[in-house]
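A short worksheet on the structure shown next.
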Amino acid sequence: MSSKPAKVIGGIVLGAGAAVGAGVGLIKGLHKAIQNNNSTMPLYGIICPMEEEMAPFLEAMDVRQTSVISGLTFTEGSLCGQSVVLVQCGVGKVNAAVCAQALCSHFPIDALINVGVAGTTQADIHQGDLVASTDAVQHDFDITVRGFAPGEIPDLPEWDFKASTALLDLAARAYELCKDDMDGAAFHVGRIASGDQFIAGGPRADAIHNTFDPAAVEMEGAAVAQAAALNDVPFLILRAISDNADANAPTLTYDEFLPLAIRHSFTLVCKMLTLIKENDKLSLG
């Protein structure tokens with residue numbers, strides 16, 4: 001698989017095929033559901049793997065009700081002027097897939113955002129930086145012995161699940177508006193590689209980097225992406241980078257870094273929701 005180099009536009013690092021929207025295009029994409037649903041307010045699903053990652057969203061929500069489905073608690077309410085459903089999926093691809101499918105099956109969500117932390121194999125992406133997905137693959141899905149490409153899933157039209165370009169552009173715009181609150185964290189756009197393995201350097205990290213060239217490596221995003229794609233729900237994966245997926249000690253320990261990562265991710269998602277709300281008032285579309 002050939003590597004697609006990133007490019008820099010206005011201080012934002014973009015992967016090939018991604019672009020920072022000027023406004024009209026992303027609003028059209030995000031509000032297609034509104035036009036098709038008699039102008040009712042869209043509903044956004046937010047999935048976090050860990051309780052700590054979910055906590056600030058839950059605290060800021062105006063909660064209407066909760067539901068327990070497949071052992072998971074789905075909280076409905078409003079956040080930053082938008083209707084949302086918030087849920088903690090747990091760690092790993094199976095937990096993430098079950099959660100995303102339950103969300104898609106039981107709630108009429110118009111878009112899905114998966115928020116969490118990740119490592120990276122890229123030397124130019126650093127602890128604290130934010131990564132938004134162009135696509136997502138499963139780095140541990142391997143039936144190459146049968147002639148398939150690494151990560152390729154038989155009988156599916158795609159296995160590198162493409163994120164919503166409208167949500168991607170929206171995240172880039174939101175970052176530009178709140179980057180002064182990001183403690184110097186940069187915003188990157190690129191591939192997410194997921195697997196049921198904690199990657200800490202060595203031959204496995206090298207293999208993932210050389211095969212998939214991901215911007216972030218974690219344990220849930222591709223499973224969320226696959227469920228969203230199969231249900232025709234636009235999605236975006238957002239990750240705060242905790243380390244460089246190797247044995248070297250990061251600038252901050254994980255416990256020191258996590259509160260910063262959570263705050264950055266929460267700030268970015270809330271700014272995204274606020275932008276949608278503001279554009280609703282302007283009736284752009």
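As the structure is a computational prediction, the values presented were derived from the model and not from experiment. Numbers here simply count residues along the sequence, with the first being 1.
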Quick one: hydrophobic cluster around V145, which other residues, with the 4.5 Å side-chain cut-off, linked directly or via members? none
Between atom CD of E59 and atom CG of L79, what is the distance when rounded to the nearest 0.5 Å? 11.5 Å
Please check this pair: side chain of T120 against backbone of A215, looking for a donor-acceptor N/O pair closer than 3.5 Å. yes
With clusters defined by side-chain heavy atoms of hydrophobic residues (ILVMFWY) lying less than 4.5 Å apart, directly or transitively, does V94 cluster with V224? no
Between S70 (side chain only) and L72 (backbone N and O only), is there a donor and an acceptor less than 3.5 Å apart? no
For L130 and L268, run side-chain contact (heavy atoms from CB on, under 4.5 Å): C-alpha distance rounded to whole Å, both residues' side-chain angles, the deciding distance at 0.1 Å, then the answer. CA-CA 9 Å; L130 293 163; L268 183 64; 4.2 Å; yes
Of R204, K93, Q197, which meets side chain to side chain donor-acceptor pair (under 3.5 Å) against D140? K93
Heavy-atom check, side chain of Y175 versus side chain of M182, under 4.5 Å: yes
Within-4.5 Å side-chain heavy-atom neighbours: L236 and M272: yes
Quickly, which of V189, I237, T165 forms a side chain to side chain contact (heavy atoms under 4.5 Å, CB included) with T134? Name it, please. V189
Is there a donor in the side chain of E76 and an acceptor in the side chain of Q65, or the other way round, less than 3.5 Å apart? yes
Using modelled atom types and a 3.5 Å cut-off, is there a donor and acceptor pairing between side-chain atoms of D129 and backbone atoms of H126? yes
Write down the atom of H264, the atom of G128, and the distance for their closest heavy-atom approach. ND1-O, 3.8 Å
Not counting sequence neighbours, which residues clear ring pair (Phe, Tyr, Trp, His ring centres under 6.0 Å) with F141? List them please. none
Does CZ in R146 sit with more than 12 non-hydrogen atoms of other residues, nucleotides or ligands closer than 6.0 Å? no
Residue pair M54 / I262, side-chain heavy-atom distance below 4.5 Å: no
Report the hydrophobic cluster partners of V68, with the cluster defined as I, L, V, M, F, W, Y residues connected by side-chain heavy atoms closer than 4.5 angstrom, directly or transitively. none
Give the minimum heavy-atom separation between L112 and L167, together with the two atoms involved. O-CD1, 4.3 Å
So with a 6.0 Å cut-off around CG of D232, is the heavy-atom count from everything else above 12? no
Of all the heavy-atom pairs spanning A216 and A118, show the shortest one and how long it is. CB-CB, 3.9 Å
Using every non-hydrogen atom in the two residues, find where P49 and E220 come nearest and quote the distance to one decimal. CG-OE1, 3.5 Å
Pick out which of I46, T274, V84 makes a side chain to side chain contact (heavy atoms under 4.5 Å, CB included) with V269. I46
Please confirm whether the backbone N or O of S78 pairs with a side-chain atom of D62, one donor and one acceptor, at under 3.5 Å? no
Working to the nearest 0.5 Å, report the span between CD of E53 and CZ of R239. 7.0 Å
Interatomic distance, I109 atom CD1 to S83 atom OG [nearest 0.5 angstrom]: 13.0 Å
One should read off an interatomic distance between N210 CG and D206 CG, to the nearest 0.5 angstrom, of 6.0 Å
Donor + acceptor pair across side chains of N231, Q101 (<3.5 Å): yes
Check for a donor-acceptor pair, side chain of Q138 on one end and backbone N or O of S194 on the other, with a separation under 3.5 Å. no
In one Ile/Leu/Val/Met/Phe/Trp/Tyr side-chain cluster, 4.5 Å: F74, V98: no
Can you tell me how far CG of L58 sits from CZ of F266, rounded to the nearest 0.5 angstrom? 10.5 Å
Do side-chain atoms of K162 reach the backbone of D160 as a donor and acceptor pair under 3.5 angstrom? yes
Mind listing the closest non-hydrogen atom pair of I192 and S133 along with its distance? CG1-CB, 3.5 Å
In short, A229 meets E158 closest at the heavy-atom pair CB-OE2, 4.0 Å
